[in-house]
Each structure stands twice: as C-alpha cells, then as structure tokens.
Amino acid sequence: MHVAIIMDGNGRWAVKRGLPRPAGHRAGAETVRRIVEAAVASQVSVLTLYAFSADNWLRPRREVSALMKLMKRYLVSERLRCIENGIRVNVIGRRDRLAPELVRSIEDLERATAHGDRLLLRLAVDYSSRQLLLKAARESRNPTTFEEFERCIESVSHSVPGVPSVDLLIRTGGEQRLSDFLLWECAYAELVFSDTYWPDYTEAEFRAALDEYSRRDRRFGQLSGQLSQRSA
Ligand code: FPP
C-alpha cells in the first residue's frame, strides 16, 4: 500500500502558540518520526511525504533556511533508526537547487538504507509534479504505455523505480487541495483530509485514515462486481 501525505499546518501551529514558524516545522519533524514508525507498524509499504515544494523557495529566506537545516539534520539523525527498522529512504524532486552538502547527505542515506525492505520512505524535496511531468515528457522517447511513462517520471524525479501508484493521500491542516503533489501518481488515490495541524497529527489519526481507506469501495472507473471477478 502506498500512502502519501501533504503535511500542512506547521506555520499555523506555531503562530497559534506565539512561536516563530520554524518552530512549527521542528515540531512537524517530530511528527514525521512518529508517523513513519506508525507506517512501519501498519505494514504500509510506501510512504511519500511532501517536505518542501518547488514553490516553497518563495517563502522568507529565514524559513527556507530553517527547513533546509531541519532536513539535513533529519537525514543524519535518522540514519541508524532507518537501517535498524528496514526503512529505505529516497528523496524525490529536483536536486540541482539544493546545497551540495544536503545532496551528499541524501545520497549517503539512500546508499546506506538501500537494502531496507519494510518501508520505502520517499521524501519530496524541491518537488513540483508539473515540472517533473514536463521534464519527463521532454526526455522520454515516445513512451507508448502508462508504465513506460511512469518509469520516465521516476527517472527524472530521482525516485526508485517500480513504485506503485498512490492508494491513499492524506492532507492535514484543514485545506483540501493537491498543491502540485504527485498529480500523475494520485490518478485513483483515495483522499482523506484532516483539520489537525501536522505537528498535532497522531498515530491514532493516521490509523483511523487507514481504516477509512479500507472501507472505501475502489472501482477504478468500473463496477465493483467487475473488479472482484477479475481478482477472483
Ligand atoms: C506545510 O506547512 C509544511 C511545509 C512547507 C514543510 C513540511 C516540513 C516538515 C513537516 C518538517 C521537515 C520534514 C522532514 C522530512 C524532516 P505550512 O508551513 O505551509 O503551514 P501553514 O499552512 O500553517 O502556514
């Protein structure tokens, strides 16, 4: 199962407490740790988290720099935990605008965790679905199937190959939009929205979203009967 999360609400969480916005991102990084653990425990096989969008570069310099520092710290501090728990880390998005030391930490963690087989944790950094689709379209040589084009998207995104489409997309923070995230991969994703700000998002709420997903009737444009016949 592939779960993707738009982790929204860090800034408002901080402002509500009279704290600077980066404090919300720091609290959000703690939530990332907890939800990654919950994903492993719930046997989710792929978790893709929206950590920094291509448009986030337009935020105040102080906030961008705090987010980049946090990312770097996370990649270093989580190394052992990921290796011990069978978590393979993969950072998707552009890398040419990231600081060289951050790119080195990304490559190092990807190498160190490459054999993890319990959870593929994909962190989307400097990510824009539309930019990547455009790049894939430019660089692909006339793909004739969805699968071929998917390999092109994965290749331009620095994604590990063969990742299944998103089954469940969760967005926290009360907004209900996609924000240029995994537009191709979410073609048939089930959507679950939560009003909770990301730093307050709990393992219980995550499990409730998985339960909600399991109650949904996924038809992929067909009738329920047709799908159960095919899988029988
Ligand atoms: C959106 O909240 C969140 C982000 C732009 C950054 C997400 C980053 C983290 C959760 C922490 C760092 C990630 C890792 C993997 C260590 P917002 O700032 O737009 O919140 P707002 O809508 O309340 O302003």
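Remember, it's 1-based here, ligands and their atoms both numbered in the order they're listed.
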Exercise. Below 4.0 angstrom from a heavy atom of Y74, which ligand 1 atoms are there? Numbered from 1 as shown, please.
Key: 16 (C)
Quiz prompt | Closest approach of any protein heavy atom to atom 5 (C) of ligand 1, naming residue and atom | solution = N56 OD1, 3.5 Å
Quiz prompt | Polar side-chain atom of D108 near backbone of R104 as donor-acceptor pair, under 3.5 Å | solution = no
Quiz item: Sub-3.5 Å donor-acceptor pair from the side chain of N90 to the main-chain atoms of V160, do we have one?
Solution: yes
Practice problem: Identify the two heavy atoms, one from T113 and one from I87, that lie closest to each other, and give their separation to 0.1 Å. | Solution: CB-O, 3.2 Å
Quiz item: Can you find an N/O atom of G11 closer than 3.5 Å to an N/O atom of ligand 1?
Solution: yes
Quiz item: Any donor and acceptor pair, going by atom type alone, linking the side chain of W13 with main-chain N or O of G24 inside 3.5 Å?
Solution: no
Quiz item: Between K135 and E139, is there a side-chain N and carboxylate O pair less than 4.0 Å apart?
Solution: yes
Self-check item: Protein heavy-atom partner closest to atom 15 (C) of ligand 1 - residue, atom, separation in Å
Solution: L123 CD2, 4.0 Å
Quiz item: Among R59, E63, R12, whose heavy atom sits nearest atom 18 (O) of ligand 1?
Solution: R59
Quiz item: For ligand 1, which atoms sit closer than 4.0 Å to a heavy atom of M7?
Solution: 1 (C), 2 (O), 3 (C), 10 (C)
Quiz item: Which residue supplies the protein heavy atom nearest to atom 11 (C) of ligand 1, what is that atom called, and how far is it?
Solution: H25 O, 3.6 Å
Quiz item: Hey, is G9 one of the residues with a heavy atom under 4.0 angstrom from ligand 1?
Solution: yes
Quiz item: So which protein heavy atom does atom 12 (C) of ligand 1 come closest to, and at what separation?
Solution: L70 CD2, 4.0 Å
Donor-acceptor contacts under 3.5 Å from residues 114-122 side chains, at least two apart:
from	atom 1	to	atom 2	distance (Å)
R122	NE	T48	OG1	3.1
R122	NH1	S159	OG	2.8
R122	NH2	T48	OG1	3.4

Exercise. Could you give me the CA-CA distance, side-chain angles and deciding distance for R218 and Y213, then say whether side-chain hydrogen bond (donor to acceptor under 3.5 Å, both in side chains) is met?
Key: CA-CA 9 Å; R218 299 189 81 194; Y213 166 82; 2.9 Å; yes
Quiz prompt | Working for salt bridge (charged side-chain N to carboxylate O under 4.0 Å, His left out), residues R33 and E30 | solution = CA-CA 5 Å; R33 283 192 188 95; E30 289 307 316; 2.5 Å; yes
Self-check item: Distance from atom 6 (C) of ligand 1 to nearest protein heavy atom, with residue and atom
Solution: A51 O, 3.3 Å
Practice problem: Examine R21 against ligand 1 and note whether any of their N/O atoms are separated by less than 3.5 Å. | Solution: yes
Quiz item: Should the pair E212-R216 be classified as a salt bridge under the 4.0 Å nitrogen-to-oxygen rule?
Solution: yes
Practice problem: Say whether D8 and ligand 1 are in contact under the criterion: heavy-atom distance to a ligand atom below 4.0 Å. | Solution: yes
Quiz item: So which of R95, R79, R88 actually passes salt bridge (charged side-chain N to carboxylate O under 4.0 Å, His left out) with E110?
Solution: R95
Quiz item: Any idea which atoms of ligand 1 are less than 4.0 Å away from a heavy-atom of W198?
Solution: 10 (C)
Exercise. Pick, from I5, V15, N10, the option with the minimum heavy-atom distance to atom 10 (C) of ligand 1.
Key: N10
Quiz item: In the protein, which heavy atom is nearest to atom 14 (C) of ligand 1, and how far is it?
Solution: M71 SD, 4.0 Å
